[in-house]
Amino acid sequence: MGLSQGVKTSPVVSTVTRLASVDVLRGLVMVIMALDHTRDFLTNVPFPPELIPNTNGALFFTRFVTHFCAPVFSFLAGTGAFLAASRGKSISQVSWFFFTRGLWLVGLEFTVVGFGWAFVPWGAGGVIWILGCSMVCMALIVRLPVRWIAVFGVGMIATHNLLDRVSPASFGKLAPVWMFLHSPGQIPITKSFIFLNLYVLIPWVGVMAAGFAFGSLLLRPDRRKWILTLGISMTALFLLLRGFNLYGNSTSGVPFSVGPWHVQPTLSLTVISFLNVEKYPPALDYLLMTLGPALILLGLLDGAKAEHGLGRILSVYGRVPMFYYVLHLYLIHILAILAAFAFHQPASWLWHGAIFLLPTPAGYGHRLPFIYAVWFLVVASLYLPCLWFMQFKARHRDWNWLSYL
């Protein structure tokens, strides 16, 4: 059953043009993502920003706003594929693109992207890895009717926390399989090589599948109403589930379990406790908390032209996300090295493993104001290269291989 069979019962617009609102939302999360990675490389704080009671409001918020990035990336990747099919691509073409681009992204994670993080060869399952793995799975999933893709995606997102009690150890020698599917952690490959898997297939493939099905709503003339209704409903459900600690937050996450929220000694810490939901793996509460407001913003942006001002800038980043991602990673890493030299701080460790492979040496790092300044510099510096590449792609639409970038 093809794509048209999944949407023909709904009123749709006759032609599908590129939606500026999707590009602006994607660009916004790209900009926010750079803040988290700038903090990763430059912070002088020796503990995770989520760690209560060590953290503070400014530090936690700097981390919290970046939680929106990975869910929106994954969700909109599915949405973009649906819209591509609506512009004339067959399901077979969309399936092949998912499969080949997924393998391409996995390859990038272990080469260009991985090297950008550490400046040495190493293996980790980050956001590019899971986008690639999810796309490979979507190559099969897209052949289902859209309604069943929606059931699959939403069902996985809603129920996967029921699997939290399942331990990798219960699978014996097959424990790495479960760690790949749902339980993040370190997977030994050889005696000297360990694969750090932070992003697991369940429920990330469900997020992408839900995004693909969501694309059918964007074909409706009344899409704004549907988008806002869905976003508000998801946000309200998060407040209900989290407010009463009912269901939807992992108790076995990485790097530490956050569990139910509790009243803390201060209002600030209480709010932090409430918003501190599990990302590894992404709990139902985490996905509702991020995708709900993101859809509200998408609905509010619907109809925007993004031809001038901030909207134009964000849409440029949003139209070349992979190009932006690779450049920002190397730029931040290099700026961290330059800052270390400038402030007479330890720098050699940044050349040989950096933040993921080596402990932060004493005397290294900077405060939040400096981190925000570097973040602004990074984002501003990437605008012209991204604008050039966006225009380059527009001039060479017949170069199909550019779609993989």
Would you say that Leu300 contacts Arg224 through its side chain, given a criterion of any heavy-atom pair below 4.5 Å between the two side chains?
yes
Ignoring hydrogens, what is the shortest heavy-atom contact between Ser92 and Arg143? Give both atom names and the distance.
OG-NH1, 3.8 Å
Would the Phe41 and Trp117 ring centres measure less than 6.0 Å apart?
yes
Got Met135 and Arg101 here, is their nearest side-chain heavy-atom distance under 4.5 Å?
yes
Rounded to the nearest 0.5 Å, how far does CE of Met234 lie from CD1 of Ile296?
9.5 Å
Give me the ring orientation class for Tyr324 and His328: parallel if the planes are under 30° apart, tilted from 30 to 60°, perpendicular past 60°.
parallel
Under a 3.5 Å distance rule, please check whether Arg26 uses its side chain to pair with a backbone N or O of Gly318 as donor and acceptor.
yes
With a 6.0 Å cut-off on ring centres, are Trp129 and Tyr199 close enough?
no
Nearest 0.5 angstrom please: Ile52 CD1 to Thr55 OG1, how far?
8.0 Å
Any side-chain heavy-atom pair of His67 and Glu50 under 4.5 Å:
yes
Ignoring hydrogens and geometry, is there a side-chain-to-backbone donor-acceptor pair from Asn56 to Leu59 under 3.5 Å?
yes
List the atom of His352, the atom of Val120, and the distance in Å for their closest heavy-atom pair.
CA-CG1, 3.8 Å
May I ask you to check whether over 12 heavy atoms, not counting those of Phe244, lie within 6.0 Å of atom CZ?
no
Using ring centroids (six-membered ring only for Trp), state whether Phe370 and Phe343 fall under 6.0 Å.
yes
Can you tell me how far the CE atom of Met322 sits from the CH2 atom of Trp104, to the nearest 0.5 Å?
9.0 Å
Students often mix this up, so state it plainly: with edges at 30° and 60°, are the rings of Trp388 and Phe392 parallel, tilted or perpendicular?
parallel
Hey, are the side chains of Leu76 and Thr79 touching, using non-hydrogen atoms and a 4.5 Å cut-off?
yes
Exceeds 12 heavy-atom contacts within 6.0 angstrom, atom CZ of Phe99
no
Distance-only, no hydrogens or angles: does the Asn197 side chain make a donor-acceptor pair with backbone N or O of Met179 under 3.5 Å?
yes
Looking at Phe274 versus Phe238, is the centre-to-centre ring distance below 6.0 Å?
yes
Can you tell me if Ser170 uses its side chain to pair, donor with acceptor, with the backbone of Val166 under 3.5 Å?
no
Sub-3.5 Å donor-acceptor pair from the side chain of Ser95 to the main-chain atoms of Ile91, do we have one?
no
Determine whether more than 12 heavy atoms belonging to other residues, nucleotides or ligands lie under 6.0 Å from atom CZ of Phe61.
no
Say whether, by atom type as modelled, one donor and one acceptor occur between the side chain of Ser74 and the main chain of Pro71 under 3.5 angstrom.
no
Give the C-alpha distance, both sets of side-chain angles, the deciding distance and a yes or no for side-chain contact (heavy atoms from CB on, under 4.5 Å) between Phe212 and Ile141.
CA-CA 10 Å; Phe212 185 90; Ile141 295 171; over 6 Å; no
Are the side chains of Asn44 and Arg367 in contact, using a 4.5 Å heavy-atom criterion?
yes
Verify, without hydrogens or angle tests, whether Arg242 (side chain) and Asn276 (backbone) share a donor-acceptor contact under 3.5 angstrom.
yes
Gln186 side-chain N/O to Leu196 backbone N/O, donor-acceptor pair under 3.5 Å
no
Gln345 side chain vs Gly365 backbone, donor-acceptor pair below 3.5 Å
yes
Trp351 and ring-ring contact (aromatic ring centres under 6.0 Å, His included): which single residue from Phe119, Phe341, Phe115 fits?
Phe119
Close side-chain approach of Asn54 and Leu51, heavy atoms under 4.5 Å
yes
Return yes when atom CH2 of Trp122 has more than 12 non-hydrogen atoms of other residues, nucleotides or ligands closer than 6.0 Å, and no otherwise.
yes
Close aromatic pair by centroid cut-off 6.0 Å: Trp375 and His37:
no
Walk me through it: do Phe376 and Tyr372 pass the test ring pair (Phe, Tyr, Trp, His ring centres under 6.0 Å)?
CA-CA 6 Å; Phe376 180 83; Tyr372 273 82; over 10 Å; no
Proximity of Phe152 and Trp148 rings by center, below 6.0 Å:
no
Does the His160 side chain pair with the main chain of Pro282, one donor and one acceptor, at a distance under 3.5 Å?
yes
